[in-house]
Amino acid sequence: MQGNLTALLITGIIVLGVVLFGFLSGRDKTNRSSVEEWSVGGRRFGTLLVWFLVGADLYTAYTFLGLTSTAYTGGSLAFFAIPYTIIAYFISYFFLPKLWKFSKNHKITTLADYAKLRFNSKFLSFLIAVVGVLMLIPYIDLQLAGIQDTLTVAGTGFINVKVVVIVSFLLVALFTFFSGIKGPTYTAVIKDILVWVIMLFLVVNLPIIHFGSWGAMIDKVATDSPQLLTIPTSGPKGIPWFLTASLVSGLALFMWAHAATGVFTAKSADALRKNAVFLPLYNIVLILLIFLGFVAFHVLPEGTNPRFALLNLIQVSYGGVVQGLAYSTIALASLIPCSIMAIGASNLFANNIYRDLINPNVQPAQLTLVTRCMVFVVIGLALVFGMVFPSALVSLQLLGVSGMVQIFPAIVFSLFWKKQTKEATTAGLLVGLVVTFTVYATGKSFGIYEGFWGLLANVVVTVVLNPLFVSRIKNNPILDQLFGLHQNHLKKDA
């Protein structure tokens, strides 16, 4: 299908304008003065900025395009995204404030840094860093796929899509290198405002355009395709999959490096508590977007590629101006999360692999430069991987969720379990990863989300082995400080 030149021009102007704003937001040299300043903004972001930033890196183009695609093909299975975010925000209210305060006191910028201090183990830190970087590459690739799909629909017949995608991601790498976390944070405000305005407009307007009203659309779906409104009771993705996918995804959400980066930018623990309360507002958009997958099922011709369901629905429903505004919103929902993810992955590599294992004597200024330069490596790898293995991205990202949840016991359990040992935790993490990848490779998940089996094995091994190593734990100031906070971590922190 031919693209729309007006839509393409509007998309290009808005995206380039936002990228330029990203450069301008980081023009202050202090943004590049240290790893802490560049990667977490010196921990000076208030509640509203953290809300925009975390919302920007968790609600990506893959969220919008993937949910409508899942609804288009799998119906109500797409609703698993709603309970999983609720689970994530609920538990985050209890553990993120304590993690934030400990991290601020020790200038921690990654979860691997926390594990190294908490367990006095560079190996466990290295293991968490490797998992974090490897699992994040396919996620960055999905942002690549999101903007590639958007430009394909908007620009077919006018541009070389692959060249424009590469240029777009290199521009993001440059403004991330230059601006650090402030670039994607301030541009996230623009992106999130567009998401709320444009996406709410689409979800209200599209059912009216094609069915006359929301009620008529629901009646049409219930009458002609009731299977879209039910979760299968059997098969590889039935109710057990729905429940375990929601649980695993919820536990994994704040284990991702980009989510942790957003958390560490907060200026207070209270900002994180408020965000745990208000971030679920994004689910209003998500719930309604899922219904757009049902609209696409009835409007688009049979045989439409599901990954283009939302984009094609916009294309057949509106003229160039509305298309351009919608496409630019989706493009920004690709590029801005990519920037935050690149910061998270670069931080893990530079701090927990390069500094801890390769060059322990690295000077702070050199470490800052290495961290910033790794942005180009991370985004470059994502570009190459995405071009070579385009069909594997979604399955690898789902595997990434199963992989990331394996660090949950090492991070969250250890905030509240003083006698947790590094030996049992490391063994549990390794077993969890092996079980997860084995289940994924063999396809023997028995209708359960793959990561659940890995997490179950992880927890069992950690709990069973822990008593064998408790005698090796020695009192140290780190543990005393961490658990000295236990009674006070729910108080407001300045």
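These values consider heavy atoms only, across backbone and side chains, with no hydrogens, waters or symmetry-generated copies. Here the structure is a predicted model, which means the values were calculated and not measured.
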Which is it for F452 and L243 under the side chain to side chain contact (heavy atoms under 4.5 Å, CB included) test, yes or no, and what are the steps along the way? CA-CA 10 Å; F452 178 81; L243 294 174; over 6 Å; no

Could you check K191 against V18 for side chain to side chain contact (heavy atoms under 4.5 Å, CB included), going step by step and ending with a plain yes or no? CA-CA 9 Å; K191 171 258 182 187; V18 171; over 6 Å; no

Go through the steps to decide whether N347 and T109 satisfy the test side chain to side chain donor-acceptor pair (under 3.5 Å), and finish with yes or no. CA-CA 8 Å; N347 214 358; T109 58; 3.3 Å; yes

Which is it for Y89 and V277 under the side chain to side chain contact (heavy atoms under 4.5 Å, CB included) test, yes or no, and what are the steps along the way? CA-CA 7 Å; Y89 300 142; V277 174; over 6 Å; no

Begin with the C-alpha distance, continue with both residues' side-chain angles, and end with the deciding distance and a verdict on side chain to side chain contact (heavy atoms under 4.5 Å, CB included) for Y354 and M374. CA-CA 11 Å; Y354 178 78; M374 278 303 299; over 6 Å; no

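Contact record, V15 with A331: CG2-CB, 3.9 Å, taken as the closest heavy-atom pair. Closest approach of L348 to A112, counting heavy atoms only: CD2-CB, 3.9 Å. Nearest approach of T304 to Y72, heavy atoms of both residues: CB-OH, 3.5 Å. The two residues I314 and I330 make their nearest non-hydrogen contact at CD1-CD1, 4.3 Å. Shown here for A88 and F254, the closest heavy-atom pair between the two residues is O-CE1, 3.9 Å. Across all non-hydrogen atoms, the minimal contact from Q323 to Q315 is NE2-O, 3.4 Å.
More than 12 heavy atoms of other shown residues, nucleotides or ligands fall within 6.0 angstrom of atom CZ in F201. No more than 12 heavy-atom neighbours from other residues, nucleotides or ligands sit within 6.0 angstrom of CZ on F278. Counting heavy-atom neighbours within 6.0 Å of N120 CG, excluding the residue itself, gives a total of 12 or less.
Taking OG of S317 as the start and CD1 of I209 as the end, the distance is 5.5 Å to the nearest 0.5 Å. For the atom pair CG of L99 and CG of L415, the computed distance is 5.5 Å after rounding to the nearest 0.5 Å. Of the inter-residue distances, the one linking L194 atom CG with S328 atom OG reads 6.0 Å to the nearest 0.5 angstrom. Here the CG atom belonging to L229 is positioned 6.5 Å from the CD1 atom belonging to I218, to the nearest 0.5 angstrom. I108 CD1 to R118 CZ: the interatomic distance, rounded to the nearest 0.5 Å, is 12.0 Å. The CE atom of M341 sits 5.0 Å away from atom OH of Y139, with the distance rounded to the nearest 0.5 Å.
Using modelled atom types, no side-chain atom of S339 and backbone atom of L335 make a donor-acceptor pair closer than 3.5 Å. A donor-acceptor pair is defined here as one N or O able to donate and one able to accept, closer than 3.5 Å; such a pair exists between the side chain of W214 and the backbone of V203. Panel note: side chain R372, backbone F177; a donor-acceptor pair is recorded below 3.5 Å. The closest donor-acceptor contact from the side chain of S414 to the backbone of I411 lies under 3.5 Å. With hydrogens and angles ignored, the 3.5 Å screen pairs no side-chain donor or acceptor of T223 with any backbone N or O of K220. Checking side-chain atoms of N458 against main-chain N and O of Q406 turns up a donor-acceptor pair under 3.5 Å. Panel note: side chain S346, backbone V375; a donor-acceptor pair is recorded below 3.5 Å. In this structure a side-chain-to-backbone donor-acceptor pair under 3.5 Å is missing from S125 to K116.
Using a 4.5 Å heavy-atom cutoff, the side chains of V378 and L381 are not in contact. When side chains are defined from C-beta on, N466 counts as touching V470, because their heavy atoms get closer than 4.5 Å. Side-chain contact between V131 and I128: absent, with no pair of heavy atoms (C-beta onward) separated by less than 4.5 Å. In this structure, the side chains of L206 and Y318 come closer than 4.5 Å at one or more pairs of heavy atoms. Contact annotation: the side chain of R355 approaches that of D113 to within less than 4.5 Å [non-hydrogen atoms, C-beta and beyond]. With a 4.5 Å cut-off on side-chain heavy atoms, P184 and I343 count as touching. Side-chain contact check for F264 versus S39: every heavy-atom pair is 4.5 Å or farther apart. Here the side chains of S92 and L272 are not in contact, with every heavy-atom distance at 4.5 Å or above.
Side chains of Q420 and T425: a donor-acceptor N/O pair is present below 3.5 angstrom, by distance only. Using modelled atom types, one finds no donor on one side chain facing an acceptor on the other under 3.5 Å when comparing D356 with N351.
Between Y282 and W51, the gap from one ring centroid to the other is short of 6.0 Å. Close placement of the F294 and F291 rings is indicated, their centers lying within 6.0 Å of each other.
Each of L300, T68, V153 was scored for a side chain to side chain contact (heavy atoms under 4.5 Å, CB included) with F308, with one residue passing: V153.
Taking the centre and axis of the six-membered ring of F123, the NZ or CZ atom of K422 falls outside the cone set by 45° and 6.0 Å.
Identified under the salt bridge (Lys or Arg N to Asp or Glu O under 4.0 Å) test for residues 423-440, with sequence neighbours left out: E423-R472. Screening residues 244-262 for salt bridge (Lys or Arg N to Asp or Glu O under 4.0 Å), with sequence neighbours left out, gives no hits.
Between W453 and F446, the ring-plane angle classifies as perpendicular under the 30° and 60° cut-offs.
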